[in-house]
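Residue numbers begin at 1 in each chain, while the letters A, B, ... track the order of the sequences. Because the structure is predicted, anything quoted here is derived from the model rather than measured.
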Number of protein chains: 2
Amino acid sequence: MKYDLTKKRTRGAQRTLRAFSQTMLRLLAKKPFEEINVNEICEFCDFPRATFYNYFDDKYDLVNYCWYVLAEKVRIDEAKELNPSEIVITYFDRLYDLFENNSELVSGILHHNQLSGSLVNSFTNYLRNLAHQIFLEVFGDLKFDIPVELIVDQCSATILILIEWIFLKEKPTTREQAHHYLAVLLGDESTFSMSDSSQSKS
Amino acid sequence: MKYDLTKKRTRGAQRTLRAFSQTMLRLLAKKPFEEINVNEICEFCDFPRATFYNYFDDKYDLVNYCWYVLAEKVRIDEAKELNPSEIVITYFDRLYDLFENNSELVSGILHHNQLSGSLVNSFTNYLRNLAHQIFLEVFGDLKFDIPVELIVDQCSATILILIEWIFLKEKPTTREQAHHYLAVLLGDESTFSMSDSSQSKS
DNA sequence: GCTATACTTAGACACTTGTACAACCTTTAC
DNA sequence: GTAAAGGTTGTACAAGTGTCTAAGTATAGC
């Protein structure tokens, strides 16, 4: 990313960032990502190429910014005061909402970009990494039988497997059913039964 | 892939395929994948660009062929007569061997290509898909509490999380220790306790 | 309202990409 | 040993990529 997202954006920058990310999402619902090129993006939203390169390194960078924008609602972290399995379910629910609220976008994208392609993968990877960060922060203090990172990796992977199953492989599943699947996959209490942790019953 | 891998290869084709894949692996241990271009690959192994494009669509295609070559030993499937958890451990062990036998290659690649980058990702994805295929074939007949695909997805994900942990995040772990981690992550008997399956005890 | 700062723009440049094709060399299998 | 099939090669081409610069315009904040 050429543009520094941390500094406060001017009105112009706001407008430009929005235009490019919206354009990318529109185009993704029209054709495969590999067939989209920078010229096309610029024509679509009537910005010169130079402007594109003021903000982004390349189209991969832009698409990554799109994921950043989409995942904004998911990123909010009150966290901390919840226990591991509550946190996992909370994050799952947020993703569930995200996909439910953007179902047209998702189905558009899936129509032209195959499920296991690098585009869809880059999105699920983005979300998995988000989950990973959040869980690591929360689980970090606890003691498990095996390294925390492994648990955290598996939790984030499992959540995204479920989300993919429901919304990308399109197997409609209610939230309750999904919670049940989650519980089974994460071994109900078994994985989360810490050896003899600090806060066994609170 | 331009070249048809199913038909039997002539000596010349054999030589060329080998030259390109070896070159790619050498270059990956020298610099990041994104900085490698087709011209460079061709200069390195003294083939003209035209020859490269006789075989591969682009450098991504070549790198994928490299994974295909590397994973050849893993792909052999006697399978079928083993039960789910045996199959999972067997596949894990094969991956363990693969990484152990190619440790110099792996560390070379890691030196220039970051762990979460698309290059390393493409390799672990390749192996995860392999695992997925194998497990699906073996678990397909069994009845679980939840959809088989979810179980299979999680098993393959978990195995690759462990492999990444040991060989890419470089946390040396004995095979036995790893087996223990695997058992814990996959919930010991819990996930594999099929509701009331066809072959409960054989 | 003015100014410093931030953003936009056109055009040029060097380089990479992927395709095509015709001529040539190697290999296979009879 | 020879013919047909399979590979290799040089060259050319159109299109895309990413960088740079210098001049222009918009905006924030005083």
Side-chain angles (χ1 to χ4, degrees), chain A residues 1-24 27-28 30-66 69 112-113 117-119 122, chain B residues 1-24 27-28 30-66 69 112-113 117-119 122:
Chain A
M1 194 96 182
K2 300 260 180 61
Y3 189 84
D4 179 5
L5 286 178
T6 60
K7 75 177 175 188
K8 71 163 174 292
R9 281 152 251 186
T10 64
R11 195 135 54 100
Q14 201 71 264
R15 211 189 312 128
T16 312
L17 280 168
R18 250 190 89 80
F20 278 120
S21 56
Q22 291 301 316
T23 298
M24 178 52 105
L27 287 177
L28 281 176
K30 269 194 161 181
K31 46 157 60 185
F33 180 63
E34 306 86 59
E35 287 176 23
I36 299 172
N37 59 41
V38 176
N39 290 318
E40 197 176 357
I41 297 168
C42 295
E43 275 165 32
F44 197 97
C45 58
D46 274 309
F47 278 90
R49 269 159 47 76
T51 302
F52 178 91
Y53 285 110
N54 283 343
Y55 286 86
F56 309 103
D57 297 315
D58 48 35
K59 64 175 183 166
Y60 300 91
D61 196 29
L62 167 55
V63 94
N64 198 57
Y65 174 72
C66 291
V69 171
H112 296 283
N113 295 273
S118 62
L119 189 268
S122 81
Chain B
M1 193 96 184
K2 300 259 180 61
Y3 188 84
D4 179 4
L5 288 177
T6 60
K7 74 176 177 188
K8 70 162 175 293
R9 281 153 250 184
T10 63
R11 198 134 53 100
Q14 202 71 265
R15 209 191 312 128
T16 314
L17 281 167
R18 249 189 89 81
F20 277 120
S21 56
Q22 291 300 318
T23 298
M24 177 53 104
L27 288 176
L28 281 177
K30 268 194 161 178
K31 45 158 59 184
F33 181 64
E34 306 84 60
E35 287 176 22
I36 298 172
N37 60 40
V38 176
N39 289 319
E40 198 176 356
I41 297 168
C42 294
E43 275 165 31
F44 196 96
C45 59
D46 274 310
F47 279 88
R49 267 161 47 77
T51 303
F52 178 90
Y53 285 110
N54 283 342
Y55 285 85
F56 308 103
D57 297 315
D58 47 36
K59 64 174 183 169
Y60 300 92
D61 195 28
L62 167 55
V63 95
N64 200 56
Y65 174 72
C66 291
V69 171
H112 296 282
N113 294 274
S118 63
L119 190 268
S122 81

Original post:
Rounded to the nearest 0.5 Å, how far apart are OH of A:Tyr55 and CG of A:Leu5?
Top reply: 10.5 Å
**OP:** Could you tell me the separation between the CZ atom of B:Arg11 and the OG1 atom of B:Thr16, rounded to the nearest 0.5 Å?
**Re:** 12.0 Å
Subject >> Pairwise distance CG(B:Leu28) to CG(B:Leu119) - rounded to 0.5 angstrom >> reply: 5.0 Å
Original post:
What is the distance from CD of A:Glu43 to P of D:dA15, rounded to the nearest Å?
Top reply: 13 Å
**OP:** Could you state the atom-to-atom distance from CD of B:Glu40 to C1' of C:dT17 in whole Å?
**Re:** 15 Å
Subject >> Backbone of A:Lys2 reached by a side-chain donor or acceptor of A:Asn54 within 3.5 Å >> reply: no
**OP:** First locate atom CZ of A:Arg9, then atom NZ of A:Lys7, and finally report the distance between them rounded to the nearest 0.5 Å.
**Re:** 10.0 Å
Subject >> Separation of atom CG in A:Asn39 from atom P in C:dA10, rounded to whole Å >> reply: 14 Å
**OP:** Verify, without hydrogens or angle tests, whether B:Asp61 (side chain) and B:Met1 (backbone) share a donor-acceptor contact under 3.5 angstrom.
**Re:** yes
**OP:** With sequence neighbours excluded, give me every salt bridge (charged side-chain N to carboxylate O under 4.0 Å, His left out) pair touching residues 38-59 of chain A.
**Re:** A:Lys31-A:Glu40
Original post:
Between C:dC7 and A:Lys7, is there an OP1 or OP2 to side-chain N/O distance shorter than 4.0 Å?
Top reply: yes
Original post:
What is the distance from OH of B:Tyr3 to C1' of D:dT8, rounded to the nearest Å?
Top reply: 13 Å
Original post:
Between atom CD in B:Gln14 and atom P in D:dT8, what is the gap in whole Å?
Top reply: 12 Å
**OP:** Specify the residues of residues 46-62 of chain A, ordered by number, for which at least one heavy atom lies under 4.0 angstrom from an atom of DNA chain C.
**Re:** A:Phe47, A:Pro48, A:Ala50, A:Thr51, A:Asn54, A:Tyr55
**OP:** Note the angle between the end axes of the helix from C:dG1-D:dC30 to C:dC30-D:dG1, five pairs defining each, rounded to 10 degrees.
**Re:** 40°
Original post:
Which heavy atom of B:Ser122 sits nearest a heavy atom of B:Val63, and at what distance?
Top reply: OG-CG1, 4.4 Å
Subject >> By ring pair (Phe, Tyr, Trp, His ring centres under 6.0 Å) - contacts of A:Phe47 (at least two apart) >> reply: A:Phe20
Original post:
With sequence neighbours left out, what residues match B:Tyr65 under ring pair (Phe, Tyr, Trp, His ring centres under 6.0 Å)?
Top reply: B:Phe56, B:Tyr68
Original post:
Rounded to the Å, how far apart are A:Ile41 CD1 and D:dG16 C1'?
Top reply: 12 Å
Subject >> Nearest-Å distance for atom pair CG/C1', residues B:Asn37 and D:dT17 >> reply: 12 Å
**OP:** Please round to the nearest 0.5 Å and tell me the distance separating atom CD1 of A:Ile36 and atom CG of A:Leu27.
**Re:** 5.0 Å
Original post:
What string of B, S and - do you get for nucleotides 23-30 of chain D, 5' to 3', if B is base contact, S is sugar-phosphate-only contact and - is no contact with any protein heavy atom under 4.0 Å?
Top reply: ----SSS-
Original post:
At under 4.0 Å, does any side-chain N or O of B:Lys2 touch on OP1 or OP2 of C:dG18?
Top reply: no
